[in-house]
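Quick note: numbers below take in every heavy atom, side chains included, and nothing from hydrogens, waters or symmetry partners.
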Amino acid sequence: MIKLLEKLGQNPQRSLTLFLRGLGLFVIGLIFVALGYFYHHLWQVIGVVILGFACLISAWAYLGIFANRWLNIIFRTRPANKNR
């Protein structure tokens, strides 16, 4: 379990960048959905696909951020010497 957390949380700056890109895609998807409300419905379909993709990207990135923070908590609360 620790190895998986180390792999996911190894680069929190990259995870934050990926999360912000997913957030930007989410906004673009919302714009397409609104555009489809006023014009043609196929814009909404494109917007929903972009929203789904953005949610997946953001969820993956947030998992990396969460894993990094969880590892920091685990290593901070461990005793310094296990032999005592």
Which residues pass the ring-ring contact (aromatic ring centres under 6.0 Å, His included) test with [X], not counting sequence neighbours?
{"X": "Trp60", "answer": "none"}
{"X": "Phe19", "answer": "none"}
{"X": "Tyr37", "answer": "none"}

How is the hydrophobic cluster of Val48 composed, in terms of its other members, when Ile, Leu, Val, Met, Phe, Trp and Tyr link through side-chain heavy atoms under 4.5 Å apart, directly or indirectly?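 Members besides Val48, by chain and number: Phe26, Leu30, Val33, Leu51.
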Starting from Val27 and following side-chain heavy-atom contacts under 4.5 Å between hydrophobic residues (I, L, V, M, F, W, Y), which residues can be reached?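 Listed partners: Ile31.
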Could you work out, with side-chain contact (heavy atoms from CB on, under 4.5 Å) as the rule, every residue matching Ile57, not counting sequence neighbours?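 side-chain contact (heavy atoms from CB on, under 4.5 Å) check on Ile57 returns Leu18, Leu25, Phe53.
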Tell me the side-chain hydrogen bond (donor to acceptor under 3.5 Å, both in side chains) pairs involving residues 40-52, sequence neighbours left out? none
Any pair with a residue in residues 64-74 that passes side-chain hydrogen bond (donor to acceptor under 3.5 Å, both in side chains), sequence neighbours left out, goes on the list, sorted by first then second residue, please. Asn68-Asn72
Value rounded to 0.5 Å, distance of CD1 in Ile50 from SG in Cys55: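 It comes to 12.0 Å.
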Cluster overlap Phe38 with Leu35, hydrophobic side-chain contacts below 4.5 Å: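 Phe38 clusters together with Leu35.
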Using the rule that Ile, Leu, Val, Met, Phe, Trp and Tyr join whenever any side-chain heavy atoms are under 4.5 Å apart, tell me whether Ile73 and Phe66 fall into a single cluster. no
What pair of heavy atoms forms the shortest contact from Gly64 to Ser15, and how long is it? CA-OG, 3.8 Å
